Asker: 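This is the structure I want to talk about, given as structure tokens.
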Amino acid sequence: MSKMQSVRGTYDLYGEAKRKTKRVARIAEQVVEKYGFEEMETPIFEFTEVFARNLGDTSDIVTKEMYCFEDRGGESLTLRPEGTAGIVRAFVSNGMQQDLPLKIYYQGPMFRYERPQKGRQRQFTQFGVELLGAATPQADVELIAMAYEFLEKLGLQGQVVVELNSLGDAESRDAYREKLVTYLRENYDRLSEDSKNRLERNPLRVLDSKEECDKAVVENAPLYADSLNEVSKDFFAKVLKGLDILGIKYRVNNRLVRGLDYYSHTVFELVTDKLGAQGTVLAGGRYDGLVEQMGGGPVAGIGWACGVERLAMLLPEIPEKESPVAVVPVSDDMNEEALKIAQNLRLAGFRVEQGYSGNIKKRMIKADKMMAKAAVIVGPDEFAQGKVVIKNLKDGQQKVVNIDSLAEELK
Ligand code: ATP
Ligand code: MG
């Protein structure tokens, strides 16, 4: 295979596709900044430990999907497969415990060795948020509301549903795990090999399996809701009530668990039916144990991340930005005059194209091809009197105007 092509599962983004991902990122920034989140940038690679220990060593990401490599100094490093572990690592290593509550957003490429398909890439972009040091259900409501507003602002209301579930606190989780293990043991023969292994090490993960045989078993597994203790039930009820108050429609999905070890209480996904099996465009949850596990003390956390390319696929076409003004010298003799006029227009805020060659007819054809809305034609006779010609390229009308009032006229 030729090496002069992009690696499987990676893409060159340009034109329409890039305009769409850019819009997703811009709108996300606008929305989350309104809620008081500030951007943080962490390295694209970390010590492998940061992910291996904290995402759980039986998770799909850690067992199958990480891009690990040894650097020249013999350190084991990993290209980040997700954002939360790096942010929490930064929180701990920069000693940011004085700054709580802390609202952070991040964006950038993530890397996972997965089977590429529509909406599933090996390098993809996530935009995510983390709220550290807020342990109340109001925080969960606020984060879900923020995600919802973001998708609304993208014009996706009606195409995306909020699904959520509660995994409860540690006590509820242990109680559930026990019931689940009993059930899975009874159905041991029907499980996939992976899930047979998970059964011993991390049975909850079986609920998240994408294998058909596992899904069939999971269908009748005990429900998480039946194992929640009073504290956890109360917490979840408050989250749902908050969403009701804000008029955010949701669906409680008893089967929803998240693939990583660190979640507790609320987990949620925003799901569309437009992308087939890759329908989850945004996902998140509460991870109250993670910061402590990473050595940062007992700090509650909650966050979400969205797949920027997946969201971009749902957007309608975005035309190129506003059409330019073309500055066209009638001949090479007028190039320098045209150069100055073009620059002044740019300083006045116009989008300007220039730099044509050939006779005036050829130059005008090029201006048309650039989809210019108007041409500023710079000729020696008019210029001597401090004037240029404006030609409206939509209706062909021409007008001689003073160079001094050119910007005014073009508006
Ligand atoms: P999935 O179940 O689709 O594999 P996930 O649970 O692995 O998703 P998260 O780790 O929660 O995904 O990542 C958050 C979001 O990032 C996902 O909801 C999705 O929109 C996006 N995402 C995850 N993996 C990929 C990928 N390989 N290519 C493109 N987008 C992705
Ligand atoms: Mg995945």
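Everything numeric here is computed off the predicted structure, so don't read it as measured data. Atoms within a ligand are numbered from 1 in the order they appear, just like the ligands themselves.
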Asker: Can you tell me which residue among Tyr35, Phe127, Phe150, Phe37 is in a ring-ring contact (aromatic ring centres under 6.0 Å, His included) with Tyr105?
Answerer: Phe127

Asker: If the cut-off is 4.0 Å to any non-hydrogen atom of Ala283, which atoms of ligand 1 fall inside it?
Answerer: 11 (O)

Asker: Using the ring of each side chain (for Trp, its six-membered ring), is Tyr176 parallel, tilted or perpendicular to Tyr224, with breaks at 30° and 60°?
Answerer: parallel

Asker: Do the side chain of Ser195 and the main chain of Arg198 share a donor and acceptor less than 3.5 angstrom apart?
Answerer: no

Asker: Give the atoms of ligand 1, by number and element, whose distance to some non-hydrogen atom of Gln121 is under 4.0 Å.
Answerer: 26 (C), 27 (N), 28 (N), 29 (C)

Asker: Distance under 4.0 Å to a non-hydrogen atom of Val281: what atoms of ligand 1 satisfy this?
Answerer: 18 (O), 20 (O)

Asker: Relative to Phe51, does Arg80 satisfy both conditions: NZ or CZ under 6.0 angstrom from the six-membered ring centre, and within 45 degrees of the ring's axis?
Answerer: no

Asker: Touching ligand 1 at all, Gln126? Heavy atoms, strictly under 4.0 Å?
Answerer: yes

Asker: Strictly distance-based, threshold 3.5 Å: is any side-chain N or O of Glu16 a donor or acceptor partner for the main-chain N or O of Ile318?
Answerer: yes

Asker: Taking 4.0 Å as the limit for heavy-atom contacts, which would you say applies to Arg120 with ligand 1: side chain only, backbone only, both, or neither?
Answerer: both

Asker: Is Arg112 in contact with ligand 1, taking contact as a heavy-atom separation below 4.0 Å?
Answerer: yes

Asker: Strictly distance-based, threshold 3.5 Å: is any side-chain N or O of Asp288 a donor or acceptor partner for the main-chain N or O of Ala135?
Answerer: no

Asker: Output yes when the distance from some N or O of ligand 1 to some N or O of Glu309 is under 3.5 Å, and no in every other case.
Answerer: no

Asker: Closest by any non-hydrogen atom to atom 21 (C) of ligand 1: pick that one out of Gly83, Gly9, Gly307.
Answerer: Gly307

Asker: Taking 4.0 angstrom as the limit and counting only heavy atoms of Gly119, give me the atoms of ligand 1 inside it, by number and element.
Answerer: 28 (N), 29 (C), 30 (N)

Asker: Heavy-atom contact check, 4.0 Å cutoff: does Lys210 meet ligand 1?
Answerer: yes

Asker: Would you check if the side chain of Arg255 reaches a backbone N or O of Glu219 as a donor-acceptor pair within less than 3.5 Å?
Answerer: yes

